[in-house]
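Working notes for the structure below.
In listed order, ligands and their atoms are each counted from 1. The analysis underlying the following values was restricted to heavy atoms, covering all of them including side chains, and did not include hydrogens, waters or symmetry mates.
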Amino acid sequence: MAPTPTLPAFDLVIFGATGDLAKRKLLPALFQRFIAGQVDSASRIIGSARDTLGSDGFRERVSAAITADAQGQSLEGFLSLVDYVAVDVSSESGWSDLKNRLQQFPDRVRIFYLAIGPALFARACQRIHDYGLDGPSSRVVVEKPIGHDLLSAQDINATLAKVFSEAQTYRIDHYLGKESVQNLLALRFGNALFEPLWNAARIDHVQITVAEELGVAGRAGYYDTAGALRDMVQNHLLQLLCFVAMEPPHSMNADVVRDEKLKVMRSLKPMSAEDVRQYTVRGQYRRGNLGDGSVPGYCEELGAESSRTETFVAMRAEIANWRWAGVPFYLRTGKRLPQRVSEIVVSFQPVRHSMFGPAAGPMTPNKLIIRLQPDEGVHLGLMIKEPGPGGLRLRSTALNMSFADTFAGSRQPEAYERLLMDVVRGNPTLFMRRDEVEAAWAWVDPILKAWAADPEPPKPYTAGTWGPSAAIALVERDGRTWHEELEHYS
Ligand code: BG6
């Protein structure tokens, strides 16, 4: 992997530092960047929450969060960057201490990571400002979901904008930090091969699947207020769709790239209530077998009699612009599906005329399969001749490229590693701009409304299956099928 230059020392304040996100993602990612030499050892990582832990107490937690990959020496070094200030975002408690701490380096890049509920954003931002902690070199970071509909997203964005300019605001969609997602840009725009074929004249349809084996145990409280459309489609899947469908940006400048994504969001064909009925499927998992045994159903995990929250969505979206008009984009995501897999499948038009005759067997249209996780790679489905005499039979096979083989020995960094360092560097290319987030909600809102008005609950599906049968019918009605496992391509 290319060497990573050390970035100038920075101060990062994590509000909500005792929470799950800090523990599972942020601190391990910072540690990895530290051992990679990217984090200057004069930088400070200041945890902040209501608990009166003290710096040593917090360091113990940090070391527990990263011991899995820590080597003694480096861990010691990393912990020397870590500090803690007890702050209550909802009151004045602790803010003067935080101010004293930050004042030591007034000119540094100063990052406020709001790993707290959106209901607290306004109070946090206001106090950051009232205590004079913000300035030209400060930045704020927030996580998806930004709101639960267009109105609430606009509210959150307006709240942040009272204190931080758009250029200082970093909205994380961690999918954009995944290597394989960035590789989509390289694949599309670093190769001359695909672009001439990348349009409605050559592409029959596109499928985007993000399937998970996990259920919602441990976060059912949040999940039940969100559901798969808000949790996954409004952000991750639509971001992937934008990367697939956008026009070539003329440079990697953050706003140039985000302008092109925004155009795609705004070209998504709005869905009427009737379209929602026809082109979307909601599901909710019931108890079933997955992996080594039986797993509980969604309501069992939630501890509720019933719920109208969807844990699965399949839909047929269309992009109403010159390049894509008429090409269906089938999106699918769900919990408790048979395997964890995220992939984008671009299916090309069939050959216009087959000279081979029926004895050669069926002709499978070419497919470009971009596997995002696990086993990241790119596969191109082609027709070839089966070996041997006795007539000419064709069969579909694939050119396979696996990242693990191509980059054997190099470590795949976690999404947060890249994203956190981009905040330090001041590069917002892989973060969602305000207008993008709002455009995504503007498209999703009518779907949410139509579902809310529908007396039918989500369709049940058994854990360990690919969702309700209606999701299969959704593509089969169009004479197509969901792309199946890669096995016959490997
Ligand atoms: C999060 C969602 O944004 O993404 C989770 O809130 C989901 O529900 C997760 O499990 C999936 O991320 P990944 O990186 O495991 O594909």
List for me each residue that meets salt bridge (charged side-chain N to carboxylate O under 4.0 Å, His left out) alongside R139, sequence neighbours excluded, and say none if there are none. none
Under the side-chain hydrogen bond (donor to acceptor under 3.5 Å, both in side chains) rule, what pairs show up with a residue in residues 460-473, not counting sequence neighbours? T311-Y461
Tell me if the CE atom of M401 is crowded by more than 12 foreign heavy atoms within 6.0 Å. yes
Within the protein, flag every N or O under 3.5 Å from an N or O of ligand 1, and note the pair and distance.
unit_1	atom_1	unit_2	atom_2	d
ligand 1	3 (O)	K144	NZ	2.8
ligand 1	3 (O)	H236	NE2	2.7
ligand 1	4 (O)	H236	NE2	3.4
ligand 1	6 (O)	K144	NZ	3.1
ligand 1	6 (O)	R219	NH2	2.9
ligand 1	6 (O)	D231	OD1	2.6
ligand 1	6 (O)	D231	OD2	3.3
ligand 1	8 (O)	R219	NH1	2.8
ligand 1	8 (O)	D231	OD2	2.6
ligand 1	8 (O)	K335	NZ	2.7
ligand 1	10 (O)	E212	OE1	2.5
ligand 1	10 (O)	E212	OE2	3.3
ligand 1	10 (O)	K335	NZ	3.1
ligand 1	12 (O)	H174	NE2	3.1
ligand 1	14 (O)	H174	NE2	2.8
ligand 1	14 (O)	K178	NZ	2.6
ligand 1	16 (O)	Y175	OH	2.4
ligand 1	16 (O)	Q373	NE2	2.7

Which atoms form the tightest heavy-atom contact between R418 and Q182, and what is the distance? NH1-OE1, 2.8 Å
Identify whether NZ of Lys or CZ of Arg in R171 sits under 6.0 Å from the centre of the six-membered ring of F431 and within 45° of that ring's axis. no
Non-neighbouring partners of R50 that pass salt bridge (charged side-chain N to carboxylate O under 4.0 Å, His left out), sequence neighbours left out: none
